[in-house]
Amino acid sequence: QVQLEESGGGLVQAGGSLRLSCAFSGHAFRTFAMGWFRQAPGKEREFVAAISWGGGSTGYGHSVRGRFTISRDNTKNTVYLQMDSLNPEDTAVYFCASATFCGSCNGAHEYDSWGQGAQVTVSS
């Protein structure tokens with residue numbers, strides 16, 4: 001059974017940076033595509049970023065493209081989300097997720113397992 005645990009969330013001022021980590025366990029990490037989603041209060045879950053099993057392919061949501069970077073270290077069973085130039089609209093709970101297979105990899109329904117989420121709050 002896959003288990004995912006996010007860390008690295010917190011409070012940051014607008015313009016600052018944070019790096020989220022997601023530790024994966026329970027299966028062979030290198031065979032899973034990984035994604036990050038976020039959900040703000042009163043809003044639907046939003047796609048943030050995804051990365052292929054080997055790390056050679058990435059994709060980003062429109063609102064974060066150019067500011068966020070997804071990466072993975074298959075030797076550490078960990079996926080990362082580097083978030084730069086943060087603004088208050090980035091405030092949300094951030095979830096990592098794993099997929100045995102995904103097509104576009106930007107739909108929440110494509111992912112099999114989810115972490116509990118990490119709160120990110122950006123103050124103005």
Side-chain angles (χ1 to χ4, degrees):
Q1 182 177 355
V2 170
Q3 293 185 321
L4 303 170
E5 183 174 1
E6 302 94 340
S7 61
L11 173 65
V12 64
Q13 287 188 330
S17 299
L18 279 177
R19 188 177 80 155
L20 299 180
S21 300
C22 175
F24 175 105
S25 63
H27 271 280
F29 178 63
R30 65 183 181 275
T31 65
F32 287 77
M34 299 296 295
W36 287 96
F37 289 76
R38 67 187 183 185
Q39 189 164 18
K43 295 187 177 181
E44 294 186 353
R45 192 163 295 193
E46 176 189 14
F47 169 71
V48 175
I51 189 167
S52 61
W53 64 269
S57 179
T58 58
Y60 297 90
H62 292 297
S63 61
V64 307
R65 195 168 296 155
R67 299 187 298 122
F68 290 12
T69 304
I70 189 171
S71 63
R72 66 190 294 162
D73 186 339
N74 285 353
T75 67
K76 296 182 179 179
N77 290 358
T78 302
V79 62
Y80 304 97
L81 184 68
Q82 177 67 41
M83 304 183 292
D84 299 318
S85 302
L86 285 161
N87 58 63
E89 290 70 38
D90 295 315
T91 295
V93 177
Y94 284 71
F95 299 90
C96 73
S98 64
T100 51
F101 173 80
C102 59
S104 65
C105 300
N106 60 13
H109 67 279
E110 299 183 87
Y111 292 82
D112 311 302
S113 299
W114 294 81
Q116 293 298 308
Q119 177 69 48
V120 171
T121 303
V122 184
S123 63
S124 57

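Everything numeric here is computed off the predicted structure, so don't read it as measured data.
The aromatic rings of Tyr111 and Phe37 sit perpendicular to each other, their planes meeting at more than 60°, with 30° as the lower class boundary. Ring geometry for Phe95 against Trp114 counts as perpendicular: the plane angle is over 60°, on a 0 to 90° scale with 30° as the lower cut.
With rounding to the nearest 0.5 Å, the separation of CZ in Phe68 from CG in Leu18 is 9.0 Å. Between the CZ atom of Phe32 and the OG1 atom of Thr100 there is a distance of 6.0 Å, given to the nearest 0.5 Å. Distance check, rounded to the nearest 0.5 Å: CD of Gln82 to CZ of Arg19 gives 7.0 Å. Put simply, OG on Ser98 and CD on Gln3 are 11.0 Å apart, with the number rounded to the nearest 0.5 Å.
When Asp90, Leu20, Leu81, Val93 are each tested for a side chain to side chain contact (heavy atoms under 4.5 Å, CB included) with Arg38, only one passes: Asp90.
Note on Val64 and Val79: same hydrophobic cluster, where clusters join Ile, Leu, Val, Met, Phe, Trp and Tyr whose side-chain heavy atoms are under 4.5 Å apart, directly or indirectly. Val2 and Trp53 sit in two unconnected hydrophobic clusters of ILVMFWY residues. Membership requires side-chain heavy atoms under 4.5 Å apart, directly or through other members. Connection of Phe47 to Ile70 is not established within any shared hydrophobic cluster, with ILVMFWY side chains joined at heavy-atom distances below 4.5 Å, either directly or through further cluster members.
Geometric assessment of Arg72 against the ring of Phe24 yields a negative cation-pi assignment under the 6.0 Å and 45° thresholds.
What you find for Cys102 and Ala33 is that their closest heavy atoms are SG-CB, 3.7 Å. Nearest heavy atoms, Gly9 versus Val120: CA-CG2, 4.2 Å. Here the closest heavy-atom approach between residue Trp36 and residue Tyr80 is recorded as NE1-O, 3.5 Å. The shortest heavy-atom contact between Asn87 and Arg67 is ND2-NH1, 3.5 Å. Contact detail for Phe29 and Asp73: the closest heavy-atom pair is CE2-O, 3.9 Å. Looking at every heavy atom in both residues, Ser124 comes nearest to Ala14 through CA-CB, 4.3 Å.
For the residue pair Gln119 / Thr121, a side-chain donor-acceptor distance below 3.5 Å is found, with atom types taken as modelled. Glu110 and Ser104 share a side-chain donor-acceptor pair at under 3.5 Å.
Between the Thr91 side chain and the Val122 main chain, a donor and an acceptor come within less than 3.5 Å of each other. Remark: side-chain polar atoms of Arg30 are not paired, donor with acceptor, to backbone N or O of Asn74 under 3.5 angstrom. A donor-acceptor contact shorter than 3.5 Å links the side chain of Glu6 to the backbone of Gln116.
Residues Met34 and Leu4 form a side-chain contact, since some pair of their non-hydrogen atoms from C-beta on lies under 4.5 Å apart. Residues Thr69 and Tyr60 have side chains in contact (heavy-atom distance under 4.5 Å, counting atoms from C-beta outward).
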